Amino acid sequence: MYEEETVLCAASAYEEKYFFNDDFKSLPVEVKKELRAMCTLFTVDVGGILELVFSEDGELMFRTSADEGDLLYDEIGSVLKVKQLQGEKRELLEALETYYRVFFLGEE
């Protein structure tokens, strides 16, 4: 069904906006709130754009980027913040990967 990457959610410090993919509307409200807080706080802390993206095999990846010439974007801070979130939110991220693999990729 899904042969390419699928964006779960994203936040942008530039537009001060948050995006949540409606394909995942069946997730519990508390999970959606936690994702929103995690993504928006990330962009407040380091700037730029954060996307949470599922790979073809169901791995949830953090993708960060910044506009060219953005002197306020903290590239080193973004790497450290991603590692911090991956540790602190490990259970949530693993549960999301399982959810995606079962309901989107059809794995058992």
Side-chain angles (χ1 to χ4, degrees):
M1 181 175 182
Y2 289 85
E3 296 179 11
E4 297 180 12
E5 295 179 339
T6 303
V7 175
L8 170 60
C9 57
S12 170
Y14 305 115
E15 296 180 24
E16 296 182 353
K17 290 188 177 180
Y18 172 77
F19 164 80
F20 182 80
N21 187 338
D22 281 341
D23 288 349
F24 298 93
K25 64 184 171 193
S26 64
L27 285 172
V29 172
E30 290 304 314
V31 171
K32 293 178 195 177
K33 286 181 181 178
E34 192 166 350
L35 288 169
R36 182 180 188 117
M38 182 175 68
C39 290
T40 53
L41 289 174
F42 178 95
T43 60
V44 168
D45 287 348
V46 298
I49 298 168
L50 173 66
E51 296 174 289
L52 270 60
V53 180
F54 288 104
S55 67
E56 292 177 14
D57 64 351
E59 179 185 353
L60 186 57
M61 304 175 295
F62 286 69
R63 182 179 299 151
T64 63
S65 60
D67 287 348
E68 189 175 324
D70 181 355
L71 301 176
L72 299 177
Y73 178 68
D74 184 357
E75 191 169 345
I76 294 170
S78 73
V79 172
L80 296 173
K81 188 71 172 176
V82 165
K83 287 183 183 200
Q84 176 189 355
L85 290 172
Q86 287 173 327
E88 291 176 356
K89 306 289 186 183
R90 185 176 55 136
E91 287 183 29
L92 171 66
L93 301 174
E94 289 174 354
L96 287 167
E97 286 179 343
T98 301
Y99 171 87
Y100 184 78
R101 287 182 174 130
V102 170
F103 292 103
F104 289 80
L105 300 180
E107 294 180 10
E108 294 182 18

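Along the sequence shown, the residues carry numbers beginning at 1. What you see is a predicted model; the values in this text were computed from it and never measured.
Linking Ile, Leu, Val, Met, Phe, Trp and Tyr residues whenever their side-chain heavy atoms come within less than 4.5 Å places V82 and L8 in a single cluster. Residues M61 and V79 do not share a hydrophobic cluster, clusters being chains of Ile/Leu/Val/Met/Phe/Trp/Tyr side chains in contact below 4.5 Å. Residues L80 and V46 do not share a hydrophobic cluster, clusters being chains of Ile/Leu/Val/Met/Phe/Trp/Tyr side chains in contact below 4.5 Å. Placement of F20 and V44 in two distinct hydrophobic clusters is found when ILVMFWY residues are connected by side-chain heavy-atom separations under 4.5 Å, directly or transitively. Note on V7: it does not cluster hydrophobically with L50, by side-chain heavy-atom contacts below 4.5 Å among ILVMFWY residues.
Of all heavy-atom pairs spanning L52 and C39, the tightest one is CD1-SG, 3.8 Å. What you find for E107 and D57 is that their closest heavy atoms are OE2-O, 4.4 Å. What you find for S55 and Y100 is that their closest heavy atoms are O-CE2, 4.1 Å. Between F42 and L85 the shortest heavy-atom distance is CD1-CD1, 4.0 Å. Heavy atoms only, all atoms of each residue included: S78 and T64 are closest at OG-OG1, 4.0 Å. For the residue pair Q86 and L93, the shortest heavy atom distance occurs at CA-CD1, 3.8 Å.
Taken from CD1 in I49 to CG in D67, the straight-line distance is 6.0 Å, to the nearest 0.5 Å. The NZ atom of K89 lies 13.0 Å from the CG atom of L60; values are rounded to the nearest 0.5 Å. In this structure, T98 OG1 and L105 CG are separated by 11.0 Å, a value rounded to the nearest 0.5 Å. Atoms CZ and OG, from F19 and S12 in turn, are 13.0 Å apart once rounded to the nearest 0.5 Å. Note that NZ of K81 is 7.0 Å distant from CG of L41, once rounded to the nearest 0.5 Å.
Residues M38 and L35 have side chains in contact (heavy-atom distance under 4.5 Å, counting atoms from C-beta outward).
For F24, the ring-ring contact (aromatic ring centres under 6.0 Å, His included) partners two or more places apart in sequence, or in a different chain, are F54, F104. Scanning for side chain to side chain donor-acceptor pair (under 3.5 Å) contacts around E97 gives an empty result, with sequence neighbours left out.
Within 6.0 Å of NZ in K17 there are 12 or fewer heavy atoms belonging to other residues, nucleotides or ligands.
Counted by atom type alone, S26 and Y99 present one or more donor-acceptor pairs between their side chains at under 3.5 Å.
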